[in-house]
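Please read the structure below before turning to the comments.
These figures come from a predicted structure and were not determined experimentally.
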Amino acid sequence: MFHRGTAETEQATPNEIDMLADRYAAGQVATDLARIASNQDAAKAAEEAKYALGVGIEAADSNLGQTGWRVSNTGDYAVTSVKVRTTNAAKITVYFGSGPKQVDEYEEAVVGAQSVSKQMFRPADSVGLFTEPSEHARMAVTFTDANGQGWERVGAELCKIGTE
């Protein structure tokens, strides 16, 4: 039973009960609409990211005793304008056939579907012959997916870039 006031001595009128029921129903509808909107946003984000999800930096096989990293694209579509840099302003050491070269940013025009970058690389401030897990978090890869959307991945984090 609904009561008016704090003393709960007077019963609520039918109009007041209807008003409270309407408020409760409106709250439920608002909650349901917010849940639907959230699900739609998640589905839209997943659809937008489907061409980018398979792109990242992975450990590369050893090359003459030296280990490093490569850009990996496990997706079904090529990515373009691929660039790798460090997140701490260190240079990138790229291992070309002619030997290592330090650059500000390693660029590759295309990494094909189900493929890896042509060259192996590491942050230039790395120590030792073997990759360390901490190096992965110190590198960022930017690229454009098959839909023309720009992306950046730092470690496991994938973010859209170049959108207004």
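- Between the side chain of R153 and the backbone N or O of V55, at least one donor-acceptor pair lies under 3.5 Å.
- Cluster membership for M139 and L158, using ILVMFWY side-chain heavy atoms within less than 4.5 angstrom, is shared.
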Fill in: Candidate pair T13 and N15, rule side chain to side chain donor-acceptor pair (under 3.5 Å), full reasoning
CA-CA 5 Å; T13 67; N15 287 343; 5.3 Å; no
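- Listed for the N73 side chain is a donor-acceptor partner under 3.5 Å among the backbone atoms of Y77.
- Under a 4.0 Å N-O distance rule, the pair K50/D145 does not qualify as a salt bridge.
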Item to complete: Kindly determine whether K91 and T86 satisfy side chain to side chain contact (heavy atoms under 4.5 Å, CB included), including the steps that lead there.
Response: CA-CA 7 Å; K91 291 189 178 281; T86 62; over 6 Å; no
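- For the pair R138 and S126, the minimum side-chain heavy-atom distance is below 4.5 Å.
- Between the CG atom in D125 and the CD atom in E135 there is a gap of 8.0 Å [rounded to 0.5 Å].
- Distance CD/E107 to CZ/R85: 12.5 Å, rounded to 0.5 Å.
- For the atom pair CD of E152 and CZ of F143, the computed distance is 9.5 Å after rounding to the nearest 0.5 Å.
- Panel note: side chain T74, backbone G54; a donor-acceptor pair is recorded below 3.5 Å.
- Using a 4.5 Å heavy-atom cutoff, the side chains of T142 and V82 are not in contact.
- T87 and A137 get closest at one heavy-atom pair: OG1-O, 3.8 Å.
- From M120, atom CE reaches atom CZ of F96 across 11.5 Å, with rounding to the nearest 0.5 Å.
- Rounding to the nearest 0.5 Å places CD1 of I92 at 9.0 Å from CD of E105.
- Between T93 and K101, every side-chain heavy-atom pair lies at or beyond the 4.5 Å cut-off.
- Looking only at side-chain heavy atoms (C-beta outward), T144 and V79 stay at 4.5 Å or farther from each other.
- Judged by distance alone, with hydrogens and angles left aside, the side-chain atoms of Y106 form a donor-acceptor pair with the main-chain N or O of Q119 at under 3.5 Å.
- For E108 and R70, the salt-bridge test fails: no basic side-chain N is under 4.0 Å from an acidic carboxylate O.
- The shortest non-hydrogen separation linking V84 to F121 is CG1-CE1, 3.7 Å.
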Discussion item. Show, in sequence, the C-alpha distance, side-chain angles and deciding distance for E58 and W69, and conclude whether the side chain to side chain donor-acceptor pair (under 3.5 Å) test is met.
Written reply: CA-CA 6 Å; E58 69 176 24; W69 304 91; over 6 Å; no
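- Annotation for G128 and R122: closest pair O-NH1, 2.8 Å, computed over non-hydrogen atoms.
- Atom CG of D104 sits about 12.0 Å away from atom NZ of K83, to the nearest 0.5 Å.
- Not a single donor-acceptor pair under 3.5 Å links the side chain of Q149 to the backbone N or O of Y51.
- Two different hydrophobic clusters hold V154 and L53 under the rule that ILVMFWY side chains link at heavy-atom gaps under 4.5 Å.
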